[in-house]
Protein chains: 2
Amino acid sequence: MKPKITLKDIARELEVSISTVSKALKNSEEISRDTKEKVQAFAKLYNYKPNNIAISLKNKRTKNIGVVIPAIVHHFFTTVIRGIEKYANAKGYNVIVCLSEESFDREVINMEMLANGSIDGFIMSLSSETQLKGDYNHLKEVTEQGIPLVLVDRVTNEVECDKVIIDDELGAYVATKKLIEQGRKKIALITTDDYLSVSKARTEGYKKALLESKMDIDESRILKLSTMEMDEQGIQDFFKNNDVDAVLCVNEIFTVYSMRLVQNKGLNIPEDISFIGFTDGLLSQYANPSLTVIAQHGEKMGEISAQMLIDKVESEDEEETFQTKILEPTLVVRESTIN
Amino acid sequence: MKPKITLKDIARELEVSISTVSKALKNSEEISRDTKEKVQAFAKLYNYKPNNIAISLKNKRTKNIGVVIPAIVHHFFTTVIRGIEKYANAKGYNVIVCLSEESFDREVINMEMLANGSIDGFIMSLSSETQLKGDYNHLKEVTEQGIPLVLVDRVTNEVECDKVIIDDELGAYVATKKLIEQGRKKIALITTDDYLSVSKARTEGYKKALLESKMDIDESRILKLSTMEMDEQGIQDFFKNNDVDAVLCVNEIFTVYSMRLVQNKGLNIPEDISFIGFTDGLLSQYANPSLTVIAQHGEKMGEISAQMLIDKVESEDEEETFQTKILEPTLVVRESTIN
DNA sequence: TTGTAGGCGTTATCAT
DNA sequence: ATGATAACGCCTACAA
């Protein structure tokens, strides 16, 4: 085993001072060619690499960014992480991922762990429990300490910081419009509780489209489910009790599960009933029929978040100016709607 | 803005020495009740939290573990990460996730970044490019430096370290047996190139089952595809040129895509043709028909990896004894096979 | 009971 | 051209 070598080791071996070694390795003009070559050769031979931790302590910069998200077994968040990784790695940053699993407590614990020097800034998406509680003190504390924070997708107005979201209202609006244009009259919405920022916005988009087309908003056609688990029974009951000819769902799973139910009832998609979902993931692509969806561009959101965060981390000035970047969703038409 | 407070700050304010503060906060017996209370109250008031970086430097322990995996937009790896997070967080460790995106170079770069003090140990799954090249020097260097390493799922014999895998051969064997028992005579295998450790093992399990049942191995019924991208054309051609009554696929996507093709040809699943896939993910659960699969227990694998790694990190003794944990896959029967 | 000093590995400033 | 010193924040053996 050959343990890591330090400046001190090199200095001792070569019988020079530590600072000479440090300078030599940085190719400083102060050091003679001779010494530099000797030091550099030795360093290469023993594969010297500076210790990140020591540098972090010195610079008060870790080159780590903390990402706290509610879940990872969801295609959307997965793409966000990928986007963050892509940009961050290119800039020489590592990404520390923590999962809140939709729990307020775990969100708080994770942030506290990371906030004590482990990271230069946070990118996060709020857990549903946090949005339900409406308690954002852990976020405020972090920003008060001067740690940059970027909220992505699931955000709140209660905290002043940079934000990256897609226009969820627009997405739902466009989707609903599409269904209306195709002559659908009884359009249902399957969503999650309103305390989730995204669900609220989507419900509004849905209603806006209906109103604009002078269609009634029938609250019984709006099904609100828990974020936490997949409530299959709830969906079954809904389709048992409602007669609809189109459905907008706020995620892939609701969509695919609903499609199976109506298919088993003998209905044809999209002839008898159309479906549009949110998130352009694997399920959407490989479902049968494949799903028409509102694509959320998670990877792009991740990249932009990372960019905003790193810009702030690396900027010298202390001016507190925050921006919210709103991306446009895209309608991807596949087989679950009439083309 | 209230920046982080340090021991030094507290010492200055309270006009005591830094070490007194340090001891007081640790409730040391050496310090008088009076002083302790004063210091602790002050610390709480100003929300003092020790700086992780300084502690890491001192202890030569970061409480971070590095995870390097080929991809994240795959359900299996996602569950592995979740398992790692679960165990690691419970033990007070953070998880730094790096994606190699199946690239050898990115795998090397990421490991080097992390190996310079940022982490206490690695959990990784080899990129396909690495397995193709067969170059494992970056892993060897890490282990030679005394950094614990656990390989998970995609492993190699070339490196001596702890490993966690499932018995892929057994999985494929069990699946193939199942198909044979149901009277299938023309069983195809859709897999990826043999240089991937898991694919090789699965192919062997498939062949073993056939041989055991005295069935011929028809190489033309074995389709090998690239790991990198989804070769839809390759699958289409395969089904055009081959007449099969059952298919074993090494992942969900191959399975679901294949099912669509044969469905479009007018075949019924599972009456005319059966399918079994690997990985029990969302696609399997929500495909139509839902998939019979070999579940790989990714979350369990992640937990065990984290446990093995942290045990090693925290163990005092230097003895180099490595183990390979082999989990048993599980056959989950759903609609894509006859029950 | 409290304080001093040295060290973790690095860098930067200021001598020599 | 080279080296000594202090500092980042914390801990701890040893003095006082």
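Every chain is numbered from 1 and lettered A, B, ... according to where its sequence line falls, protein lines coming before strand lines. Only heavy atoms go into these numbers, but all of them, side chains included; no hydrogens, no water, no symmetry mates.
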Contacts under 3.5 angstrom, residues 138-150 of chain B side chains, donor-acceptor by atom type, not counting sequence neighbours:
{"residue": "His138(B)", "atom": "NE2", "partner": "Glu107(B)", "partner atom": "OE2", "Å": "2.8"}
{"residue": "Thr143(B)", "atom": "OG1", "partner": "Leu139(B)", "partner atom": "O", "Å": "3.3"}
{"residue": "Thr143(B)", "atom": "OG1", "partner": "Lys140(B)", "partner atom": "O", "Å": "2.8"}

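Rounded to whole Å, atom C1' of dT12(D) lies 11 Å from atom CG of Asn59(B). Taking atom NZ on Lys58(A) and atom P on dT10(C), their separation rounds to 12 Å, with Å as the unit. When rounded to the nearest whole Å, the span between CZ of Arg61(A) and C1' of dG9(C) equals 19 Å. Rounding to whole angstrom units, CG of residue Leu57(A) and P of dC10(D) are separated by 9 Å. Lys60(A) places its NZ atom 20 Å from the P atom of dG9(C), with the value rounded to the nearest Å. The distance between atom NZ of Lys23(B) and atom C1' of dC14(D), rounded to the nearest whole Å, is 9 Å. In this structure, Lys63(A) places its NZ atom 17 Å from P of dT10(C), rounding to the nearest Å. Rounded to an integer number of Å, the gap from CD1 of Ile55(A) to C1' of dC8(C) is 14 Å.
Here the side chains of Arg61(B) and Val313(B) are in contact, with some heavy-atom distance below 4.5 Å. Met124(A) has its side chain out of reach of Ser100(A): every pair of non-hydrogen atoms, C-beta onward, lies at least 4.5 Å apart.
Toward the 5' end of DNA chain D, the nearer of the two residues Pro50(B) and Ile18(A), judged by each one's closest nucleotide, is Ile18(A).
Once rounded to the nearest 0.5 Å, the distance linking CD1 of Ile310(B) with NZ of Lys91(B) reads 7.0 Å. The structure places CD of Gln307(A) at 8.5 Å from NZ of Lys300(A), a figure rounded to the nearest 0.5 Å.
For residues 2-14 of chain A, proximity to DNA chain D is found at no residue, defined as any non-hydrogen atom under 4.0 angstrom from a strand atom. Of all the residues in residues 26-34 of chain A, Glu29(A), Glu30(A), Ile31(A), Ser32(A) reach under 4.0 Å from DNA chain D with at least one non-hydrogen atom. For the contact set between residues 36-48 of chain B and DNA chain C, defined by any heavy atom under 4.0 Å, there are no members.
Taking 4.0 Å as the cut-off between side-chain N and carboxylate O, Lys312(B) and Glu320(B) do not count as a salt-bridged pair.
Within the 4.0 Å cut-off from OP1 or OP2 of dG3(C), at least one side-chain nitrogen or oxygen of Ser17(B) is found. Contact check, Ser19(B) against dC11(D): no side-chain N or O comes under 4.0 Å of OP1 or OP2. Residue Ser22(A) places at least one side-chain N or O closer than 4.0 Å to OP1 or OP2 of dT11(C).
No more than 12 heavy atoms of other residues, nucleotides or ligands sit less than 6.0 Å from atom NZ of Lys86(B). Residue Lys49(A) qualifies as enclosed at atom NZ: its count of foreign heavy atoms under 6.0 Å is above 12. Crowding of His74(A) atom NE2: a count of heavy atoms from other residues, nucleotides or ligands under 6.0 Å not exceeding 12. Counted within 6.0 Å of CG on Asn157(B), heavy atoms from surrounding residues, nucleotides or ligands total 12 or fewer; the atom is thus considered open.
Sequence neighbours left out, the pairs with a member in residues 12-57 of chain B that pass ring-ring contact (aromatic ring centres under 6.0 Å, His included) are Phe42(B)-Tyr46(B).
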Check against side chain to side chain contact (heavy atoms under 4.5 Å, CB included), Met111(A) and Cys98(A): CA-CA 9 Å; Met111(A) 289 196 71; Cys98(A) 288; over 6 Å; no

List the steps and the verdict of side-chain hydrogen bond (donor to acceptor under 3.5 Å, both in side chains) for Asn52(A) and Ser118(B). CA-CA 6 Å; Asn52(A) 289 331; Ser118(B) 299; 3.0 Å; yes

How far apart are the C-alpha atoms of Val97(B) and Ile81(B), what are their side-chain angles, what is the distance that settles it, and do they pass the side chain to side chain contact (heavy atoms under 4.5 Å, CB included) test? CA-CA 8 Å; Val97(B) 176; Ile81(B) 293 183; 4.3 Å; yes

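Rounded to 10 degrees, the angle separating the terminal axes of the helix from dT1(C)-dA16(D) to dT16(C)-dA1(D) is 60°, with each axis obtained from five end pairs.
As judged by a 4.0 angstrom heavy-atom cut-off over every strand, Ser56(B) is placed among residues making no nucleic acid contact.
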